[in-house]
Amino acid sequence: MSQYPNMLAPLDLGHTTLKNRVVMGSMHTGLEDRIWHRGKLAEYFAERARGDVGLIITGGYNPNRKGWFYPFSGSMMNMADVLSHRQVTKAVHEAGGKICLQILHAGRYAYTPWSRSASAIKSPINPFKPKAMSTKEVEQTIKDFARAAKLAKKAGYDGVEIMGSEGYLINQFTAPRTNQRTDKYGGSAENRNRFPIEIVRETRKLCGDDFIIVYRQSMIDLVPGGCSKDEIIALAKGIEQAGASIINTGIGWHEARVPTIVTSVPRAAFAAVTGEVKKHVNIPVIASNRINMPDTAEEIIASGQADMVSMARPMLADPHLVKKAAEGRSDEINTCIACNQACLDHTFQLKRASCLVNPQACHETELKYLKTHNPKKIAVVGAGPAGLSAATVAAERGHDVTLIDGADRIGGQFNMAARIPGKEEFWETIRYYGKMIEKHGVKLVLNRRVEPGELEKEGFDEIIIATGVVPRTPGIPGVDHAKVVSYVDVLRGNVEVGQRVAVIGAGGIGFDVSEFLAHDHNMPSPEPLDHWLREWGVDFASLEEGGLVQPEVDKPEREIYLMQRKTSSLGKDLGKTSGWVHRAVLKKKGVHFMKGCSYDRIDDAGLHITQGDESLVLDVDTVVICAGQESLRELYRDDQSHIHLIGGADVAAELDAKRAIRQGAELAAAL
Ligand code: FAD
Ligand code: NAP
Ligand code: SF4
């Protein structure tokens with residue numbers, strides 16, 4: 001008997017049956033737009049199909065030029081598009097999968113000067129102001145959606161997903177926030193909902209009954225002027241009547257100021273809103289957002305909140321998630337930690353997406369872990385992300401690998417990262433690598449600090465130095481005062497931290513340490529969902545004005561100053577899609593942001609600084625140093641070609657786990 005009977009149950013859609021209840025949600029990876037990337041895209045999807053996901057949904061393709069995200073973004077508009085997509089559908093079908101094309105009109109989110117929307121209202125996150133569509137244009141756009149679906153069918157797709165959420169064009173019609181029209185597509189909820197309902201009806205008419213139509217509906221807009229709960233339920237009923245096969249969930253608009261997918265959002269945080277809609281329709285509904293492991297998926301379906309679950313980023317992290325779950329190997333799943341660093345952050349920088357914990361994602365044809373014909377004896381020093389990645393990939397390829405760390409556990413700095421409130425998912429990466437060490441027979445040696453020159457005598461063919469970094473101690477007078485501590489000691493619980501604290505350095509670690517210090521440590525970890533919803537002002541029950549209510553924030557007892565020398569805004573260089581959340585959390589908690597500081601000295605009176613022309617003394621009990629790191633590379637010798645440097649030991653500046661893991665995997669794939 002499977003551990004996940006509900007998640008793995010087939011779903012009969014009448015004309016076809018899905019093999020299980022897991023949908024790979026739509027993601028824009030950067031491989032969609034260009035015809036010369038079709039081979040890579042095909043292999044990326046085929047790998048997920050081989051991993052037994054029930055249904056794949058592609059990234060968004062535009063039904064017409066006005067709907068482009070940016071000039072020449074991927075579209076489904078003509079026979080040339082049809083022909084180029086056949087490579088993708090063929091690869092997925094040969095791998096035993098099913099795939100739907102997502103049709104997305106960007107509306108006012110388009111980065112083009114000719115963008116269109118329901119009304120001429122600019123989005124706060126886009127410099128281009130859209131023009132309002134005429135009624136004729138609206139009617140033509142409905143036909144364009146249906147034509148794109150028909151073309152998708154010709155290209156071999158099993159169906160389409162019509163993108164009606166996240167604040168894109170269809171959402172701009174359904175919500176009063178962006179729809180001030182006076183024709184039959186504006187005003188009452190019935191009129192605002194007319195546009196998506198007609199799209200679904202027209203699509204069903206043109207494509208026939210033997211075609212899957214998923215409608216992705218915004219179940220909670222999370223913006224002022226968003227739809228009410230009653231309007232959302234009415235739309236779901238209308239979509240069902242118009243002929244949709246399945247309703248998928250979208251949560252929040254891109255411009256919403258409530259986080260919906262970053263790691264601090266509790267798992268399955270929004271499944272309850274899908275559960276509300278499910279009560280009112282008879283077609284299957286899909287729950288979405290922060291569902292990253294099979295037990296969460298199983299719980300949602302078993303509890304009746306949804307018929308299926310959507311996992312998007314988790315399919316980047318582990319294309320074989322479903323297969324592993326079905327074979328009782330859930331402990332081998334490489335879990336998505338919801339960091340956004342290699343996926344969404346790349347997409348917003350117009351770079352190809354990948355995955356921090358799985359650098360093969362979207363690079364399936366380029367980064368391969370092939371069995372070696374020349375097994376070598378390899379030593380890896382340092383079991384942080386870089387060393388773990390190198391050791392496990394090398395061993396998977398058939399090398400004889402010994403992994404050595406001076407600490408009593410694997411994980412390196414991830415053991416500190418995972419202690420930050422809201423970053424508990426990072427434990428999963430350590431768990432995954434622990435399992436891979438066991439599975440691939442890596443010889444693990446803990447509590448051994450390697451000294452320079454030692455390993456050279458032990459007959460290794462290759463030595464990989466992954467010893468990471470040491471915290472930088474800035475040359476501030478008084479830095480050896482008793483009140484000065486390192487972030488390492490704070491996060492490892494080695495020191496007492498006072499009530500008034502200065503944090504020197506506002507990089508990723510300075511932000512994380514401030515969050516750690518501002519946190520109520522009596523709060524269970526991870527944070528309970530009801531508490532998280534209260535702090536962000538989300539109320540599923542009311543669903544007035546997009547589901548937003550007044551946030552209730554617990555103020556910390558500590559007074560915290562987060563400081564940097566630069567005069568730019570604090571946190572400017574944090575992740576594009578997650579940095580704003582870190583800034584918002586600390587602001588809400590009353591942490592003082594101080595920029596343009598020069599640190600004069602530290603003494604019994606506190607931290608003396610100059611900010612602009614002003615000299616100040618911050619009367620603090622503790623000064624926490626988070627001033628970056630320096631590489632630890634005492635074991636490295638550059639005159640030996642069989643000694644390699646990776647991760648923080650290689651370059652400390654701008655180091656993150658994304659680079660560390662990728663560098664480890666690339667080196668191991670090449671040895
Ligand atoms: P490390 O993780 O530093 O590992 C080095 C290992 O080498 C250690 O286990 C050490 O014990 C061992 N070692 C050193 N010298 C020897 C020796 N002589 N003999 C034996 N063993 C030795 N990165 C992100 O990408 N995203 C985040 O959100 C993020 N959050 C973070 C939060 C915090 C609080 C911290 C501290 C770091 C965070 N990081 C984050 C950074 C990330 O953890 C590092 O980039 C990553 O750990 C670097 O990996 P590494 O393997 O190069 O080095
Ligand atoms: P960092 O990002 O390089 O930040 C170091 C901070 O210290 C900066 O604010 C810098 O600002 C200050 N600083 C540098 N030298 C100093 C000196 N001599 N005296 C005083 N201040 C000094 O490094 P980090 O915060 O230690 O993070 C390390 C890496 O971990 C980062 O590269 C990051 O990618 C990763 N990380 C990522 C996340 C995430 O959420 N993605 C979270 C944590 C860590 P000024 O020079 O302006 O003072
Ligand atoms: Fe998940 Fe981070 Fe990988 Fe994106 S980069 S898929 S968020 S683990």
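In this text, all values refer to a predicted model and were calculated from it rather than measured experimentally. Just follow the structure's listing: the first ligand is 1, and inside any ligand the first atom is 1.
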Which of the ligand 1 atoms, numbered from 1, are nearer than 4.0 Å to a heavy atom of [X]:
X      : answer
Ala466 : 5 (C), 6 (C), 7 (O)
Lys423 : 27 (C), 28 (O), 29 (C), 30 (N), 31 (C), 32 (C)
Arg448 : 19 (N), 20 (C)
Leu356 : 25 (O)
Phe414 : 43 (O)
Ala660 : 49 (O)
Gly382 : 6 (C), 7 (O), 12 (C)
Gly647 : 52 (O)

Give me the nearest non-hydrogen protein atom to [atom] as residue plus atom name, then the distance to 0.1 Å.
atom                    : value
atom 6 (C) of ligand 1  : Asp405 OD2, 3.6 Å
atom 2 (Fe) of ligand 3 : Cys339 SG, 2.4 Å
atom 51 (O) of ligand 1 : Ala386 N, 3.0 Å
atom 38 (C) of ligand 1 : Ala417 CB, 4.2 Å
atom 1 (Fe) of ligand 3 : Cys336 SG, 2.4 Å
atom 3 (Fe) of ligand 3 : Cys355 SG, 2.4 Å
atom 2 (O) of ligand 1  : Gln413 N, 2.9 Å
atom 8 (S) of ligand 3  : Ile337 N, 3.4 Å
atom 43 (C) of ligand 2 : Gly508 C, 3.2 Å
atom 14 (C) of ligand 1 : Thr467 O, 3.2 Å
atom 48 (C) of ligand 1 : Leu655 CD2, 3.7 Å

Worksheet item: Parallel under 30°, tilted from 30 to 60°, perpendicular over 60°: which one fits the rings of Trp536 and Trp532?
Response: tilted
Applying a heavy-atom cut-off of 4.0 Å, say which part of [X] lies close to ligand 1: side chain, backbone, both or neither.
X      : value
Ile410 : neither
Leu491 : side chain
Val450 : both
Leu632 : side chain

Out of [options], who gets a non-hydrogen atom closest to [atom]?
atom                    : options                        : answer
atom 9 (O) of ligand 2  : Gly575, Ala506, Ser568         : Ala506
atom 45 (P) of ligand 2 : Lys595, Arg659, Lys566         : Lys566
atom 25 (O) of ligand 2 : Val581, Val262, Val513, Ile509 : Ile509
atom 40 (O) of ligand 2 : Arg565, Lys658, Lys423, Gln629 : Lys423
atom 21 (N) of ligand 1 : Gly406, Ser578, Gly575, Cys339 : Gly406

Could you tell me which atoms of ligand 2, counted from 1 in the order shown, lie closer than 4.0 angstrom to a heavy atom of [X]?
X      : result
Asp512 : 42 (C), 43 (C)
Asp656 : 34 (O)
Gly628 : 5 (C), 7 (O), 23 (O), 26 (O)
Gly505 : 6 (C), 7 (O), 9 (O), 12 (C)
Leu655 : 29 (C), 30 (O), 31 (C), 32 (O), 33 (C), 34 (O), 35 (C)
Gln341 : 41 (N)
Glu654 : 32 (O)

Is any side-chain N of the basic residue among [X] and [Y] closer than 4.0 Å to the acidic one's carboxylate O?
X      : Y      : result
Glu458 : Lys377 : no
Lys435 : Glu332 : no
Glu166 : Arg216 : yes
Lys589 : Glu535 : yes
Glu43  : Arg50  : yes
Asp345 : Lys351 : no

For residues [X] and [Y], report the shortest heavy-atom separation together with the two atoms involved.
X      : Y      : value
Glu456 : Ile643 : OE2-CD1, 3.7 Å
Cys355 : Ala317 : SG-CA, 3.6 Å
Val581 : Ser264 : CG1-OG, 4.2 Å
Met293 : Ser330 : CE-O, 4.1 Å
Ala660 : Leu655 : CB-CD1, 4.4 Å
Leu570 : Arg583 : O-CD, 3.3 Å

Practice prompt. Identify, by atom number and element, the atoms of ligand 3 in contact range of Leu356, meaning under 4.0 Å from any of its heavy atoms.
Written response: 3 (Fe), 5 (S)
Within the 4.5 Å heavy-atom criterion, are [X] and [Y] side-chain neighbours or not?
X      : Y      : result
Ile609 : Met594 : yes
Asp318 : Asn358 : no
His320 : Glu47  : yes

Worksheet item: Heavy atom under 4.0 Å from ligand 3: found in Ala338's side chain, backbone, both, or neither?
Response: backbone
Look at the side chain of [X] and the backbone N and O of [Y], then say whether any donor-acceptor pair between them is shorter than 3.5 Å.
X      : Y      : value
Glu32  : Gly30  : yes
Arg500 : Leu618 : no
Arg448 : Gly406 : no
His481 : Lys483 : yes

Practice prompt. Report yes or no: does a heavy atom of Tyr599 sit under 4.0 Å from some atom of ligand 2?
Written response: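 Tyr599 counts as a contact of ligand 2 under the 4.0 Å cut-off.
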Worksheet entry | ligand 2-proximal atoms of Cys626, by part, heavy-atom distance under 4.0 Å | backbone
Worksheet entry | 2.8 Å cut-off met by an N, O or S atom of Cys343 to atom 1 (Fe) of ligand 3 | no
Worksheet entry | Any N/O pair Met416/ligand 1 closer than 3.5 Å | no
